[in-house]
Asks: 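My questions all concern the structure below.
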Amino acid sequence: MAETTQPPTSEAGPSIAAEGSKKEPVVVICIGMAGSGKTTFMQRLNSHLHSKNTPPYILNLDPAVSHMPYSANIDIRDTVDYKEVMKQYNLGPNGGILTALNLFTTKFDQVLGYVEKRAEDVDYILVDTPGQIEIFTWSASGAIITDAIASSLPTVVAYVVDTPRTTAPATFMSNMLYACSILYKTRLPFIIVFNKIDVQSHDFALDWMKDFESYQAALNDSGKNEYGESNYMNSLMSSMCLVLEEFYNNLRAVGVSAMTGEGMKDFFKAVEEARKEYESDYKPELERLASERAAKTEADKKSQLERLMKDMNVNDSTNSTSSESSRRRNGKGTGGKGDNPFGPYPINEREDRYYDEEEAEETDEEEQDAIRRQQEEEEEASHAPELGALDVDEPEIGGMPRSGPNGSRSEAWPKPI
Ligand SMILES: Nc1nc2c(ncn2[C@@H]2O[C@H](COP(=O)(O)OP(=O)(O)OP(=O)(O)O)[C@@H](O)[C@H]2O)c(=O)[nH]1
């Protein structure tokens, strides 16, 4: 376990890189059960950072918080009134908070824009989340917000635990399982913040996390039946404890008191370590995913282009077939059965089909009769000069007078004498 309870050698100060360029700020997302002391902890972080002359940038994502002891730079309550949402959508309090968060998420790209603009000026960005933990950790909007922030800036999760209420082995186990599920979901560097250590030291928790046997002993003390046997829940919990060993090994745990300010240095040291973990583990993974996505998009584009090219080739051959037809129609054919008997006139689709050699064979009797009739009319019309053009009605093809585009007569139509 990456424990940070020893007195720190140095506190994470302003994030200035060795070469003089400013580091990106770290985003600390505070998550915790209702009443664990998130808001008080946020206030403590805020006042600590102010005392170090590095005021943080604060985002409040809890639409239902009634009193905030600090002012947030971006506050969800300025955008959405969750009580109004409850009324309009006929929802209960949790539904109202969730819908308010969903509505806010639709504008989160703008929020991120503001945050990124201020990233130059601050070292820490603090995010307070709704007290109803599952609304943030298990909703789509919570995941969208977390992913959006984490893909833009180094991000760590601070999971606030109410230490005095976690002293029972069963409560401890359920709290740790919850923390594990959040870690699993966000996959972000994680700090467990045992809060309220002014009331209850967190040493027991560190002990249980480090030493499986001490947790086992606590379980044995707490949960034996009247015959001195372990009950089902105890066996389950001791198995769980073994499962969580790996989780504990890769975890930072610090004890703080949001009330008195104890443990703040440890906390910021843990944040600095978590930032390194973000840079070494999370960021490369993020970049790998981004490059995979880019490669996939590129491959999709390429295959679409290839398909298009293929389609165009097909069209080309179709075109060549039709140009062949048109060549024939223009009287330059081979004199075979595909030659256009109507001469070099623009002809409609149906005729076009007819003069396609392959399709011509499929043309039915009726159609051929119709075409024959047209051909006869055509021939009759071609003798018009002899008869006197004015005496001959202009023949029509497909119901359309055979004239040029602007009503002009076709060139081939005998000119009036
Ligand atoms: N003794 C002690 N009390 C604390 C500490 N931190 C918070 N509290 C108290 O715990 C209670 C809950 O604190 P909040 O900060 O409102 O907790 P929260 O997690 O924000 O609660 P929700 O807004 O419901 O999510 C308050 O009465 C705080 O005064 C602490 O470090 N020590």
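Since we're looking at a predicted model, the values are computed, not measured. Residue numbers count from 1 along this sequence. Both ligands and their constituent atoms are indexed starting at 1 by order of listing.
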Asks: Does any N or O in the side chain of N73 come within less than 3.5 Å of the main-chain N or O of I58, such that one atom is a donor and the other an acceptor?
Replies: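 Yes: the side chain of N73 pairs with the backbone of I58.
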Asks: Is the backbone N or O of I125 less than 3.5 Å from a side-chain atom of R118, with the two atoms forming a donor-acceptor pair by type?
Replies: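 Not at all, since once roles are kept as given, no pair shorter than 3.5 Å links the two residues.
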Asks: Using atom types as modelled and distance alone, determine if a side-chain donor or acceptor of S201 lies under 3.5 Å from a backbone N or O of I197.
Replies: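 Between the backbone of I197 and the side chain of S201 there is no qualifying donor-acceptor contact (under 3.5 Å).
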Asks: To the nearest 0.5 angstrom, please state how far the OG atom of S36 sits from the CZ atom of F194.
Replies: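 Here the interatomic distance stands at 12.0 Å.
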Asks: For the rings on F267 and F41, is their centre-to-centre separation under 6.0 Å?
Replies: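 Between F41 and F267, which both carry aromatic rings, the centre distance is below 6.0 Å.
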Asks: Could you pull out all donor-acceptor pairs under 3.5 Å where a side-chain atom in residues 154-175 meets a protein atom, sequence neighbours excluded?
Replies:
from	atom 1	to	atom 2	distance (Å)
T155	OG1	L153	O	2.7
Y159	OH	N175	OD1	2.7
D162	OD2	K196	NZ	3.1
T163	OG1	N195	N	3.2
T163	OG1	N195	O	2.4
T166	OG1	D162	O	2.6
S174	OG	A170	O	2.9
S174	OG	T171	O	3.1

Asks: Which protein residues come within less than 4.0 angstrom of ligand 1, counting heavy atoms only?
Replies: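 Those residues closer than 4.0 Å to ligand 1 by some heavy atom are M33, A34, G35, S36, G37, K38, T39, T40, G131, N195, K196, D198, V199, S257, A258, M259.
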